[in-house]
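Down below is the structure, laid out as structure tokens.
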Protein chains: 2
Amino acid sequence: MATGRTHRPATRSRGIPEATVARLPLYLRALTALSERSVPTVSSEELAAAAGVNSAKLRKDFSYLGSYGTRGVGYDVEYLVYQISRELGLTQDWPVVIVGIGNLGAALANYGGFASRGFRVAALIDADPAMAGKPVAGIPVQHTDELEKIIQDNGVSIGVIATPAGAAQPVCDRLVAAGVTSILNFAPTVLNVPDGVDVRKVDLSIELQILAFHEQRKAGEEAAADGALPTAARAGSADQGPDGDVPAVMPA
Amino acid sequence: MATGRTHRPATRSRGIPEATVARLPLYLRALTALSERSVPTVSSEELAAAAGVNSAKLRKDFSYLGSYGTRGVGYDVEYLVYQISRELGLTQDWPVVIVGIGNLGAALANYGGFASRGFRVAALIDADPAMAGKPVAGIPVQHTDELEKIIQDNGVSIGVIATPAGAAQPVCDRLVAAGVTSILNFAPTVLNVPDGVDVRKVDLSIELQILAFHEQRKAGEEAAADGALPTAARAGSADQGPDGDVPAVMPA
DNA sequence: CTATGTGAAACGTTTCACAGCC
DNA sequence: GGCTGTGAAACGTTTCACATAG
């Protein structure tokens, strides 16, 4: 649904499906784990299991990147790590700003996963003057007044919004005006952005509501099925639903 | 991709598409805002704009719930709030446990959005004995040893995992064994669960990587387009990508 | 003989366009 | 006259099944 305009064919293999892009980080994580254990090669079957998807999907996904496997053998772990990293743009590192250093913002700042893969917290920004100068996760919090300067000085193109809902849109507008073109939004609001700016959202309450829906349905079915399967069958392991939600992106 | 087994037709209008379910919370949020401003009715056009989707999609979504609108007029706000709440199972309230009270767990415990819509934090659980008894967000942290007892005593069916990656699977296993059937996973791992257990995941690092992919592509296109559109056109407001990711659910 | 890579089928979701009702 | 509700078309994603290469 949300694959950029594709202004033109560009280099060559343009057009990796959005659903595939959303799964690449999963593959990368599984591959990194294998790499740390010095595993040289994996089959699509093994890697798929580690990433929580089925092997046909994985092979199809990789086929969009090129032919990086060896028939009869599998994939070279190191090589694939590199190829996927490159495809995702993780060979360069991205300076990121976090705006809104409350509980959540602080948790994000402390989150190790940031640094581990190509992202660097360039600055923490908060509207509370009392926070200014205080270090969070070893980084001093700066005041919102500095926002534009910080973005420009650091060449930041990715912003994380962890403010209360009411502050999110104004912050978003300022980020975009200052040059940010990708936003990860934790505030429970719909953000309005110009064309060419991507927004992804993470909303705890929405996730819980979706779980509640299925939970309710289970309860209903149990009642409906009556004396039949009382506690339901327990076995096997479910596929994790690969993507982190495909359609939350709003490309150019 | 992940709609339950549908053991049988059940009552009647079974089979709301997963993509629609994922958007219902968005509509609900927009409707709640309208309700607070005492707006009596909305058109699909207005509500869609508030929820960040297009009106055709919204109407199709609502058509799965029934015919709750009035042609030529629109939808009754209060009535729709009720119908969607009921559909999502939010008319009852769900006790939830949060396991792993680090930075993120604490942030989640403090998150207001929990209580606001049918969810109640029944307990906070952490493996660190030093945390035991300490109140976080007004709720005393309990030790992991108590996990099974807490789940059973409170009839908890939804668990939130905010532990480090290494602890997530064991915690998940214990939650499931104790009776939890829906899990919201913040740990960067694939969780293995038996059939009948839903897992949704929220992964910051994955979201950032997806943004980086598009960001990189933008940079490439700009370079490719050369002297042409230098800073790119800025105008209009993008649609927010309704769902929080449809496929992360693993129903029965 | 094994495991990748990929057309083609099946499925799910979104968009279109308009009939139907208020 | 205006807005909902919905078949049908268009599109994207997943799954199947097998030709192909090592």
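Per chain, numbering begins at 1; letters A, B, ... match sequence-line order.
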The side chain of [X] lies closest to which of these nucleotides: [options]?
| X | options | result |
| --- | --- | --- |
| B/A56 | C/dC16, D/dT15, D/dG5 | C/dC16 |
| A/R59 | C/dT4, D/dT4, D/dG5 | C/dT4 |
| A/P17 | C/dG7, C/dT14, D/dT13 | D/dT13 |
| B/Y75 | D/dT15, D/dT4, D/dT13 | D/dT4 |

Measure [atom1]/[X] against [atom2]/[N] and give the value in whole Å, please.
| X | N | atom1 | atom2 | value |
| --- | --- | --- | --- | --- |
| B/L24 | C/dT13 | CG | P | 13 Å |
| B/Y64 | D/dG7 | OH | C1' | 11 Å |
| A/E18 | D/dC11 | CD | P | 18 Å |
| B/E45 | D/dC3 | CD | P | 9 Å |
| A/D61 | C/dT4 | CG | P | 14 Å |
| B/I16 | C/dG12 | CD1 | P | 15 Å |
| A/Y68 | D/dA21 | OH | C1' | 18 Å |
| B/F62 | D/dT4 | CZ | P | 10 Å |

Quiz question: going by heavy-atom distance under 3.5 Å, is there a donor-acceptor pair between the base of D/dT20 and the side chain of A/R71? yes
[X] side chain N/O closer than 4.0 Å to the phosphate oxygens (OP1, OP2) of [N]?
| X | N | result |
| --- | --- | --- |
| B/K57 | C/dT15 | yes |
| A/N54 | D/dT14 | no |
| A/S44 | C/dT4 | yes |

Regarding [X] and [Y], do their side chains bring together a donor and an acceptor under 3.5 Å, going by distance alone?
| X | Y | value |
| --- | --- | --- |
| B/T32 | B/E36 | no |
| B/E78 | B/S35 | yes |
| A/R59 | A/S44 | yes |
| A/D61 | A/T20 | yes |

Report the residue (A/V73 or B/G74) whose heavy-atom-nearest nucleotide on DNA chain D is the more 5′ of the two. B/G74
Start with the C-alpha distance between A/Y79 and A/Y68, add both sets of side-chain angles, then the distance that settles ring-ring contact (aromatic ring centres under 6.0 Å, His included), and finish with yes or no. CA-CA 8 Å; A/Y79 186 59; A/Y68 295 152; 5.5 Å; yes
